[in-house]
S.K.: 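Below is one structure. I have some questions about it.
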2 protein chains.
Amino acid sequence: MPEPVTSSRPSPISRPRKVSELVVEHLTDLVERGEWPVGSRIPTEPELVDRLGVGRNTVREAVRALEHAGILEPRRGDGTYVRAASGLDAAIGRRARTADALQVLEVRSVLERGAARAAAGRRDVAALAALRAALEAQEAAARDGDEDSFRAADIAFHAELVRAAGNPLLAELYDGIDHVLVRTLATDAHGRHHRDVPGHREVVDAVAAGDAEGAERAVEATMAAVRAYLLARAAEVDA
Amino acid sequence: MPEPVTSSRPSPISRPRKVSELVVEHLTDLVERGEWPVGSRIPTEPELVDRLGVGRNTVREAVRALEHAGILEPRRGDGTYVRAASGLDAAIGRRARTADALQVLEVRSVLERGAARAAAGRRDVAALAALRAALEAQEAAARDGDEDSFRAADIAFHAELVRAAGNPLLAELYDGIDHVLVRTLATDAHGRHHRDVPGHREVVDAVAAGDAEGAERAVEATMAAVRAYLLARAAEVDA
DNA sequence: GACTATTTGTACGTATGTATG
DNA sequence: CCATACATACGTACAAATAGT
């Protein structure tokens, strides 16, 4: 019989709640606070056992919980890696994967319009510079005609715009939604040429000018092409 | 021996998946499709073992995964109950609980403005009727001076507005954010009298008229009071 | 209030597959 | 190719908590 946890223990954490839940919380905190950055490898099981003062089974259980949440990703014989900073992205992915693509796009549109408005209200210099850089990278990719890098630059531009709003929670929601949308669009849209930049320059100009309404309108215009494409595809499927 | 679930699996991309993941997915499906409604008690472990043809530990692991996702809630000696239809709400809650309340409010504002715009674009008759009913219920509660029912009616109004957008994903995101905000506001705001309805009637009128811009503006005005309150509280804490 | 049945929680053991070295 | 270690799944026994009698 292994010593029950109820007796005297080194107690790295207080005891009122279940031990496994506390470990889960602790690991989640480490990831969310950036101590274990996304992509990094977390300490081995024995080290966690030693550090937290709990049994190996408890550690394993906690890791598995975070694995299901999409935060950690164990690789056999290698180690356990950080997959995402929070479970929000994975949860959105699971939820939105079964949703209608048009509804997903609408949510993305709502978030991005709001982000553009907030960014115009802030006019953060550094964020604006990054946004301009992203725009120019995309225009360069368009000139080169490189489809892949153009798409990557497009995604990066939108991400930068949302980041310019200065609201990490908003950005995380957007990322989660965007991943789903990119995924569904990527399944069949390799032939579609988004060669023309859809109006990103207008977005940047409006944000830089502090024109919240204009920024929203410009973002809305950006969505039109994607929406039309989704509608056309839905019509095809219907026929 | 009950038939195991492990046999041939024509998955889209041949990915050798674990039985426990299949069970997790199956249970998630049952919940999401409403076969196990929120609040109901799911079959006991032995019955699930019999029904799914897997061992008890496997069932337990799956249940625990959904428990951590915030979907199921096991109670010793009683049973396991359905807590939420998807894990999105819980994930948002975990993520947003540590975020700045002003940022959470901003996200809510973004979602609600977008929902109001979409609702004005749809002008769904049934949804509009429900929205009007919610508004009148809130005004009635305001006349009665019943603080608790007024708050409940306020939450219900916002929820109804978002539902009127006709986008379940958007509504679910909003609910998750709203729960967090209500929670943080409820911690100390019992004395604050939100006696005056903040302009909900204008929102309803704009939505009914199909005036998307007006609906957005009206919603934005609604937020002002809450934002001012949060700012004031932040200033208090700062001092 | 106490007893009993039911149900989940925990612990341990074992067999089998699978990746690593 | 083999050996080791680990992950997975199943089964069993008992503990703990709750509901109902």
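Per chain, numbering begins at 1; letters A, B, ... match sequence-line order. Fair warning: this is a prediction, and the values are worked out from it, not measured in the lab.
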S.K.: Under the side-chain contact (heavy atoms from CB on, under 4.5 Å) test, which residues partner Ala156(A), sequence neighbours left out?
M.R.: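 Once residues adjacent in sequence are excluded, Ala156(A) has no partner under the side-chain contact (heavy atoms from CB on, under 4.5 Å) criterion.
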S.K.: List the atom pairs, donor and acceptor, that lie under 3.5 Å between side-chain atoms in residues 27-36 of chain A and the rest of the protein, sequence neighbours left out.
M.R.:
residue  : atom : partner  : partner atom : Å
Thr28(A) : OG1  : Val24(A) : O            : 2.6

S.K.: To the nearest angstrom, how far is Leu22(B) atom CG from dA9(D) atom C1'?
M.R.: 13 Å
S.K.: Both Arg56(B) and Val59(B) contact DNA chain D. Which one's nearest nucleotide lies toward the 5' end?
M.R.: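 First, find each residue's nearest nucleotide; the 5'-ward one identifies Val59(B).
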S.K.: Figure out the CG/P separation between Leu66(B) and dT8(C), and round it to whole Å.
M.R.: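 Roughly 14 Å, once rounded to whole Å.
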S.K.: Taking only residues two or more places apart in sequence or in another chain, which ones pass side-chain contact (heavy atoms from CB on, under 4.5 Å) with Leu169(B)?
M.R.: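 Testing Leu169(B) for side-chain contact (heavy atoms from CB on, under 4.5 Å), a comparison that skips the adjacent residues, returns Arg95(A), Ala96(A), Val104(A), Val107(A), Ile177(A), Leu88(B), Asn167(B).
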S.K.: Do the side chains of Glu160(B) and Arg163(B) get close enough for a salt bridge, i.e. N-O under 4.0 angstrom?
M.R.: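 Salt bridge: yes.
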S.K.: Listed by chain and number, what are the side-chain contact (heavy atoms from CB on, under 4.5 Å) partners of Asp154(A), not counting sequence neighbours?
M.R.: Gln138(A), His158(A), His200(A)
S.K.: Under 4.0 Å: is that the gap between some side-chain N or O of Ser20(B) and OP1 or OP2 of dA9(D)?
M.R.: yes
S.K.: Centre of Tyr174(B)'s six-membered ring, under 6.0 Å away, within 45 degrees of the axis: is that where NZ or CZ of Arg108(B) sits?
M.R.: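 Ring-cation test returns no.
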S.K.: Which comes earlier along DNA chain C counting from the 5' end, the contact point of Pro74(B) or that of Asn57(B), where each point is its nearest nucleotide?
M.R.: Pro74(B)
S.K.: Distances under 3.5 Å between protein N/O atoms and the N/O atoms of nucleotides 5-7 of chain C, please, pair by pair.
M.R.:
residue : atom : partner  : partner atom : Å
dT7(C)  : O2   : Gly77(B) : N            : 3.0

S.K.: Could you tell me how far apart Lys18(B) (NZ) and dA7(D) (P) are, to the nearest whole angstrom?
M.R.: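 Between P of dA7(D) and NZ of Lys18(B): 10 Å.
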S.K.: Check the distance between dT8(D)'s P and Glu61(B)'s CD and give it to me in whole angstrom.
M.R.: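 For the pair Glu61(B) CD and dT8(D) P, the rounded distance is 7 Å.
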S.K.: Could you run down the sub-3.5 Å N/O contacts of the protein with nucleotides 1-4 of chain C?
M.R.:
none

S.K.: Round to the nearest Å and state the distance from Arg64(B) atom CZ to dA9(D) atom P.
M.R.: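 Going from Arg64(B) (CZ) to dA9(D) (P), I get 13 Å.
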S.K.: Can you name the side chain to side chain donor-acceptor pair (under 3.5 Å) partners of Asp175(A), sequence neighbours left out?
M.R.: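 With sequence neighbours excluded, Asp175(A) shows a side chain to side chain donor-acceptor pair (under 3.5 Å) to no residue whatsoever.
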S.K.: Applying side chain to side chain donor-acceptor pair (under 3.5 Å), can you list everything that pairs with His68(A), at least two apart in sequence or on another chain?
M.R.: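 Result, side chain to side chain donor-acceptor pair (under 3.5 Å) vs His68(A): none returned.
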S.K.: Please identify each residue that fulfils side-chain contact (heavy atoms from CB on, under 4.5 Å) with Glu136(B), with sequence neighbours left out.
M.R.: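 With sequence neighbours excluded, Glu136(B) shows a side-chain contact (heavy atoms from CB on, under 4.5 Å) to Glu139(B), given in chain and number order.
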S.K.: Starting at CG of Leu72(B) and ending at P of dG9(C), how long is that distance when rounded to a whole Å?
M.R.: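 Between P of dG9(C) and CG of Leu72(B): 11 Å.
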